[in-house]
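Following: one structure in structure tokens, then a few remarks.
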Amino acid sequence: MEPKTYSTIDLRKQMGEILDRTRIVGEPAAITRKGKTLAYLVPAEWFERYMAQQAPTVGAEQDAA
């Protein structure tokens, strides 16, 4: 799904609507300033899944030593 782009001004003016679209609809958002992407807003479940995949598995640290 392609993220919808919002400027930082849009974010300030429409924060509630943008957060609802991300949370309820699952629509990611790219936040830009002066045409440059600063951050992405994604549903919490997406981020939590990403973080769980990035966490080292138990024993992996010992294997690396």
Side-chain angles (χ1 to χ4, degrees):
M1 176 182 295
E2 191 70 26
K4 185 162 181 184
T5 302
Y6 298 94
S7 70
T8 53
I9 293 170
D10 295 334
L11 182 62
R12 278 183 260 170
K13 291 179 180 178
Q14 305 170 38
M15 187 178 294
E17 179 185 335
I18 295 169
L19 287 172
D20 284 347
R21 290 180 67 95
T22 299
R23 181 179 59 88
I24 296 168
V25 181
E27 177 182 278
I31 309 303
T32 63
R33 179 184 291 148
K34 297 181 183 175
K36 225 178 151 178
T37 302
L38 300 177
Y40 290 95
L41 180 63
V42 297
E45 295 82 21
W46 292 17
F47 184 75
E48 290 164 358
R49 232 183 348 242
Y50 170 79
M51 291 304 291
Q53 292 173 353
Q54 299 304 311
T57 57
V58 175
E61 293 173 16
Q62 295 172 353
D63 293 341

Under 3.5 Å, side chain of Thr22 to main-chain N/O of Glu27, donor-acceptor pair present? yes
Any side-chain to backbone donor/acceptor pair from Asp10 onto Ser7? Under 3.5 Å, distance only. yes
Check whether [X] and [Y] end up in the same hydrophobic cluster, where Ile, Leu, Val, Met, Phe, Trp and Tyr are linked by side-chain heavy atoms less than 4.5 Å apart.
X: Met51; Y: Trp46; answer: yes
X: Ile9; Y: Leu11; answer: no
X: Ile31; Y: Met15; answer: yes

Would the number of heavy atoms belonging to other residues, nucleotides or ligands and lying under 6.0 Å from CD1 of Ile24 be above 12? yes
Could you state the interatomic distance from [atom1] ([X]) to [atom2] ([Y]), rounded to the nearest 0.5 Å?
X: Gln14; Y: Leu19; atom1: CD; atom2: CG; answer: 11.0 Å
X: Tyr40; Y: Thr5; atom1: OH; atom2: OG1; answer: 7.5 Å
X: Glu17; Y: Tyr6; atom1: CD; atom2: OH; answer: 6.0 Å

To check you understand the geometry: which heavy-atom pair defines the closest contact between [X] and [Y], and what is its length?
X: Gly26; Y: Pro43; value: CA-CG, 3.8 Å
X: Pro3; Y: Ala30; value: CB-N, 4.0 Å
X: Ile18; Y: Leu41; value: CG2-CD2, 3.8 Å

